[in-house]
Student: 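Below are the structure tokens for one structure; questions will follow.
Numbers restart at 1 for each chain; the letters A, B, ... are given by sequence-line order, proteins then strands.
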2 protein chains.
Amino acid sequence: MTTVNALSEVAALMGDPARAAMLSLLMDGRAHTASELALTAGVTAQTASGHLARMVEASLLAARAQGRNRFYRLASSEVAHAIEALMALAGTRAPPAAKSAAWRRDPDLRFCRTCYDHLAGQVGIAVTDALTRAGHIEPMGPRDWRLTPSGELFCGRLGVDVPGARRLGSRHFARQCLDWSERRPHISGALGAAIADTFFRRGWAEKLRRSRTVRLTDSGRRALNSHFGAAV
Amino acid sequence: MTTVNALSEVAALMGDPARAAMLSLLMDGRAHTASELALTAGVTAQTASGHLARMVEASLLAARAQGRNRFYRLASSEVAHAIEALMALAGTRAPPAAKSAAWRRDPDLRFCRTCYDHLAGQVGIAVTDALTRAGHIEPMGPRDWRLTPSGELFCGRLGVDVPGARRLGSRHFARQCLDWSERRPHISGALGAAIADTFFRRGWAEKLRRSRTVRLTDSGRRALNSHFGAAV
DNA sequence: TCGATAGTTCGGTGGCGGCCGAAGGATAGC
DNA sequence: GCTATCCTTCGGCCGCCACCGAACTATCGA
């Protein structure tokens, strides 16, 4: 293959409107799910899937499976650089200010939200980090956490229903879930759900209507400080 | 027009093999006639004419009529920069085995070439590294270089027209341009062009006909050694 | 075990665009 | 004027590829 063909091939990939829309969204540096990218590009899931596979094949994107979701991100900073150079040609300034519109509109979503049934965002990460720092949980394997004896006690004092979580044998007990805004794992699985449930039950957090966004209450903020030694 | 559409449109222009071949030839920084570009791209004159018109329309190329001939050149160094960035991507895409095949095809191009109007390849990197090592230039921000007082003196002794380069207010003075073969930044912008000009004027380097490839002369090799303390 | 959700694969369709032949300027030289 | 060369415009053909519906797989939660 000549350098010329290589040039045209990579440019052609970026030259499709749907793929360009996906790449633009990914210029925020975060990982996004296939369905999110499909929605942004304005195409069906199956069309998006084909586009994403081609871009992964060409090393423009990197993919990581997580549960039912598949997260895609730009494969390297060089990809971002090339996109930026092309956008500069069109006279439009893009990165790094080019976050997705939804993103700019919703900083609260980044702060705290539900991910299935557990907490995510800065609050989810703060809780996870605090538990790790205190030695209450430990990474176990690539995808799980282990609850230590001290963690068992800690959860008991807080009112987290650990026995109930263990009873759900069909469900993973404590999983590492990649936080798509913070780009680090937070705690999910049955234990993550039980912790979130405690937050809601004790009035530390409230779900907003018709949204994944979660509001941390004042007492929740105090609880984070006193019980977890974390500030957000 | 949205930024996304702008991205896909300019990328789609570069994504056609015939147009990519033309753009590659024009990376030598010179103006070429329509028929020459048609020959390079392997298409008929009328097909090439259509391609060229579209690229002029999109401000990728600039055209100038001269007698019966029509000369085309890259519209700006930004266009060259974008092409270079895309080529850097293309270098990473295939596994090593496939890459080296394409590589060995053009060892001379990898050694020294023009990137629009400045030097690239091993020689371009050698010059840039030597200037950095001697403290003549310093990275300034993510995309620029700063010429230090010692660099000012050094360029003056060499006959590089620094004042002339500064006078081009419309153009970036000293930019970092990612070298697609060396995968590290070399110096471009007005100063990069002035340095390259010095190389050609003093007989240190010669452009090969119909190619971006540049030949380093024996005196050029000696100059690199004595003035820059670099060996290639 | 079962339903719901996320993602992929496959097959068929439609439209965009690259291609060339033919014809039509424009310029230079005679 | 005439001719050769360079380039462009026009019209029609053809292939590629983006798209979607349908069906399938995998994972999650109950």
Student: Going through the distances and angles, do B/E36 and B/R30 end up as a salt bridge (charged side-chain N to carboxylate O under 4.0 Å, His left out)?
Tutor: CA-CA 12 Å; B/E36 197 176 355; B/R30 288 183 281 208; over 6 Å; no
Student: With sequence neighbours excluded, tell me which residues meet ring-ring contact (aromatic ring centres under 6.0 Å, His included) with B/H32.
Tutor: none
Student: Can you give me every donor-acceptor pair (side chain of residues 119-134 of chain A, partner residue at least two apart or in another chain, under 3.5 Å) with its distance?
Tutor:
residue: A/T128; atom: OG1; partner: A/G124; partner atom: O; Å: 2.8
residue: A/T128; atom: OG1; partner: A/I187; partner atom: N; Å: 3.1
residue: A/D129; atom: OD1; partner: A/R184; partner atom: NH2; Å: 3.0
residue: A/D129; atom: OD2; partner: A/R184; partner atom: NH2; Å: 2.5
residue: A/T132; atom: OG1; partner: A/T128; partner atom: O; Å: 2.8

Student: What pairs with B/S211 under side chain to side chain donor-acceptor pair (under 3.5 Å), at least two apart in sequence or on another chain?
Tutor: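 By the side chain to side chain donor-acceptor pair (under 3.5 Å) rule, B/S211 matches B/T213.
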Student: How would you list, by chain and number, every residue that makes a side chain to side chain donor-acceptor pair (under 3.5 Å) with B/R215, sequence neighbours excluded?
Tutor: B/E206
Student: Of the residues in residues 25-39 of chain B, which ones touch DNA chain C at a heavy-atom distance under 4.0 Å?
Tutor: none
Student: Let me check something: any side-chain donor-acceptor pairs from residues 153-164 of chain A under 3.5 Å, sequence neighbours excluded? List them with distances.
Tutor:
residue: A/D161; atom: OD1; partner: A/G164; partner atom: N; Å: 3.0

Student: What pairs of nitrogen or oxygen atoms, one from the protein and one from nucleotides 17-21 of chain D, lie under 3.5 Å apart?
Tutor:
residue: D/dA18; atom: OP1; partner: A/R19; partner atom: NH2; Å: 3.3
residue: D/dA18; atom: OP2; partner: A/R19; partner atom: NH1; Å: 3.4
residue: D/dA18; atom: OP2; partner: A/R54; partner atom: NH1; Å: 2.6
residue: D/dC19; atom: OP2; partner: A/H51; partner atom: NE2; Å: 2.5
residue: D/dC20; atom: OP2; partner: A/T44; partner atom: N; Å: 3.1
residue: D/dC20; atom: OP2; partner: A/T44; partner atom: OG1; Å: 3.1
residue: D/dC20; atom: OP2; partner: A/T47; partner atom: OG1; Å: 3.1
residue: D/dG21; atom: N7; partner: A/Q46; partner atom: NE2; Å: 2.5

Student: Please identify each residue that fulfils side chain to side chain donor-acceptor pair (under 3.5 Å) with B/D117, with sequence neighbours left out.
Tutor: B/R171
Student: Once side chain to side chain donor-acceptor pair (under 3.5 Å) is applied, do any residues pair with B/S59, and if so which ones, sequence neighbours excluded?
Tutor: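 Checked B/S59 against side chain to side chain donor-acceptor pair (under 3.5 Å); zero matches.
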Student: Quick test of your reading: applying side-chain hydrogen bond (donor to acceptor under 3.5 Å, both in side chains), list the pairs with at least one residue in residues 49-58 of chain B, sequence neighbours left out, ordered by first then second residue.
Tutor: B/R19-B/H51
Student: Using a cut-off of strictly less than 4.0 Å between a heavy atom of the residue and any atom of DNA chain D, enumerate the qualifying residues of residues 64-74 of chain A by number.
Tutor: A/G67, A/R68
Student: Let me check something: any side-chain donor-acceptor pairs from residues 191-200 of chain A under 3.5 Å, sequence neighbours excluded? List them with distances.
Tutor:
residue: A/D197; atom: OD2; partner: A/R201; partner atom: NH1; Å: 2.8
residue: A/T198; atom: OG1; partner: A/A194; partner atom: O; Å: 2.9

Student: Nearest whole Å is fine: how far is C/dG18 C1' from B/M55 CE?
Tutor: 13 Å
